[in-house]
Number of protein chains: 2
Amino acid sequence: MRLQQSQLKTGSRIPSDALQRAWIALGRVSQSVQCDVENRLKKAGFPELSWYTVLWELERAGKPTRPRDLAIPLFIKPYQLSRLVDRMEAEGLVKRIQCKEDGRGHMLEPTPKGFALRKEMWGLYAPAMGEAMKKLSDAEALQLATLLNKLGGIEHVDCADKS
Amino acid sequence: MRLQQSQLKTGSRIPSDALQRAWIALGRVSQSVQCDVENRLKKAGFPELSWYTVLWELERAGKPTRPRDLAIPLFIKPYQLSRLVDRMEAEGLVKRIQCKEDGRGHMLEPTPKGFALRKEMWGLYAPAMGEAMKKLSDAEALQLATLLNKLGGIEHVDCADKS
DNA sequence: GAGGTTTCGTTGCGTTTGCAACAATCTCAG
DNA sequence: CTGAGATTGTTGCAAACGCAACGAAACCTC
């Protein structure tokens, strides 16, 4: 069950030791830092990061945007976004507005309260992120980002299945 | 809201651009590869990775083990593990056996079916992991693991809050 | 423009999660 | 021994999730 040093060919059945180590570290560390930041937000009475992300995506878009145009950067499935928006709308953070070009969908737009919340959250999110990542220098962080992006590919998007 | 190139001092309020990039990449890529592997397992009719991990931890321990001795490597809270074991026990994969030294707890032990399942899962898990990580060379994977471990610290364990 | 296919987004339902409260046992000081 | 406090693990409940099925509009082909 332990490591198999050399693979006969690419895509062989047992990942190398290095790959296994990277895999394990990726799972543990990402969860650890993610939870760390989420916990700080929660402790301060803020909603989860996904709410922030939706608000930020909408704000960055600068105009009412359809759900499917947000889904990709969010890595979530349509029905997840649908319910997320339900909750955010119930809290008065976003509005669904009718979409004239396409009768199926609608546009999403943050309310003033939504803008305000995002900004407020950033006040805590930013330092929390800094805190979670503080063990890396800028150079190391850049190196990490490069490796991760190579691993993931920029395009490799779906969390939904793809076969 | 964009990048702030230089921080006045460590732990400043706005993370550097490099840190932000690393943070984003970490969230996206880890989720992407994790989901990728989980989807392959699910599609083959296997249970989630957490089941594998429990079985593997127990098997590696080589003897009946108490839940609290598994919790740390699993990064999960006691009640999560409790219910996870409920389900696994219901499927006949692990047994709870009475613990003589401590009347509160119990020992966990995989059943033969549990051993068999873990082995069977590895047959798919291993190549799936290799597939998910195939864009990195061994050298890059090692580099990635090193950076991640530095970021997370080996000891920095809890997903539960720690303050 | 009728009928099939695809896309967009939602929903019903059963499962899983998170939180806070809890029982039971252990530990240890006095 | 006794009672305060800590540790171990579970549970009730409400919220959130995953999946598959769905309605509705768009698209496309004939």
Side-chain angles (χ1 to χ4, degrees), chain A residues 31 34-36 38-51 53-54 58 64-72 74-91 94-109 158-163, chain B residues 31 34-36 38-51 53-54 58 64-72 74-91 94-109 158-163:
Chain A
Q31 190 188 359
Q34 196 78 18
C35 286
D36 186 10
E38 290 274 16
N39 284 336
R40 284 170 203 258
L41 287 172
K42 190 172 302 179
K43 209 175 319 186
F46 285 123
E48 339 165 359
L49 266 182
S50 54
W51 291 39
T53 309
V54 168
L58 288 174
T65 306
R66 298 188 57 179
R68 59 103 171 261
D69 296 325
L70 294 174
I72 288 178
L74 285 172
F75 285 73
I76 67 178
K77 295 182 178 143
Y79 68 82
Q80 295 176 303
L81 182 54
S82 176
R83 288 195 162 125
L84 180 50
V85 171
D86 284 348
R87 277 168 253 145
M88 294 179 69
E89 198 173 27
E91 297 289 334
V94 297
K95 264 187 315 189
R96 281 187 239 240
I97 53 188
Q98 217 208 334
C99 177
K100 293 154 195 340
E101 312 90 57
D102 188 336
R104 291 168 296 185
H106 47 243
M107 304 292 202
L108 297 177
E109 194 178 34
D158 59 290
C159 178
D161 65 52
K162 60 174 168 248
S163 76
Chain B
Q31 191 189 358
Q34 196 79 18
C35 285
D36 186 10
E38 291 274 16
N39 284 336
R40 284 170 202 258
L41 287 171
K42 190 172 301 177
K43 209 174 322 186
F46 285 124
E48 338 166 359
L49 266 183
S50 54
W51 290 39
T53 310
V54 168
L58 288 174
T65 306
R66 299 188 56 180
R68 60 103 173 262
D69 296 324
L70 293 174
I72 287 179
L74 286 172
F75 285 72
I76 66 179
K77 296 184 177 140
Y79 69 82
Q80 295 176 304
L81 182 54
S82 176
R83 288 195 162 125
L84 180 50
V85 171
D86 284 349
R87 276 169 253 146
M88 295 178 70
E89 197 174 26
E91 297 289 333
V94 297
K95 265 187 315 188
R96 280 187 239 239
I97 53 189
Q98 216 206 334
C99 178
K100 293 155 196 341
E101 311 92 56
D102 189 335
R104 292 167 295 186
H106 47 246
M107 304 292 201
L108 297 177
E109 194 178 34
D158 60 290
C159 177
D161 64 53
K162 60 175 169 247
S163 76

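When reading the values below, keep in mind they use all heavy atoms of this one structure, side chains included, and skip hydrogens, waters and symmetry mates. The structure presented is a predicted model; accordingly, all values stated were derived computationally and were not measured.
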>> Nearest to the B:P67 side chain among D:dC19, C:dT11, D:dG9, which nucleotide is it?
In response: D:dG9
> With respect to the phosphate group of C:dC19, does any side-chain polar atom (N or O) of B:R83 fall under 4.0 Å of OP1 or OP2?
Replying inline: no
>> Is A:K42 close enough to C:dG18 that one of its side-chain N or O atoms is under 4.0 Å from OP1 or OP2 there?
In response: no
> Considering heavy-atom distances to DNA chain C, does A:P78 or A:R104 have its closest nucleotide positioned more toward the 5' end?
Replying inline: A:R104
>> Output the rounded distance in Å from CG (A:L108) to C1' (C:dG9).
In response: 11 Å
>> Output the rounded distance in Å from CD1 (B:I97) to C1' (D:dG9).
In response: 16 Å
> Between atom CG in B:L81 and atom P in D:dG9, what is the gap in whole Å?
Replying inline: 8 Å
> Looking only at side-chain N and O atoms, does A:Y79 come under 4.0 Å of OP1 or OP2 in D:dG18?
Replying inline: yes
> Does B:K77 have a side-chain nitrogen or oxygen under 4.0 Å from the phosphate oxygens OP1 or OP2 of C:dT17?
Replying inline: no
>> Is A:R66 close enough to D:dA25 that one of its side-chain N or O atoms is under 4.0 Å from OP1 or OP2 there?
In response: no
> Quick one: A:L84 CG to D:dA16 P, roughly how many Å, whole number?
Replying inline: 10 Å
> Just how far, in rounded Å, is P of D:dT7 from CG of B:D69?
Replying inline: 15 Å
>> OP1 or OP2 of C:dT17 versus the side-chain N and O atoms of B:Q80: is any pair under 4.0 Å?
In response: no
>> Just to be sure I understand the rule, does A:E101 reach a base, reach only the sugar-phosphate, or reach nothing, if contact means heavy atoms closer than 4.0 Å?
In response: sugar-phosphate
> The side chain of B:S82 lies closest to which of these nucleotides: D:dT11, C:dT25, D:dC17?
Replying inline: D:dT11
> To the nearest Å, how far apart are A:Q31 CD and C:dT17 C1'?
Replying inline: 14 Å
>> I need the B:R96 CZ to B:S82 OG distance, nearest 0.5 Å.
In response: 5.5 Å
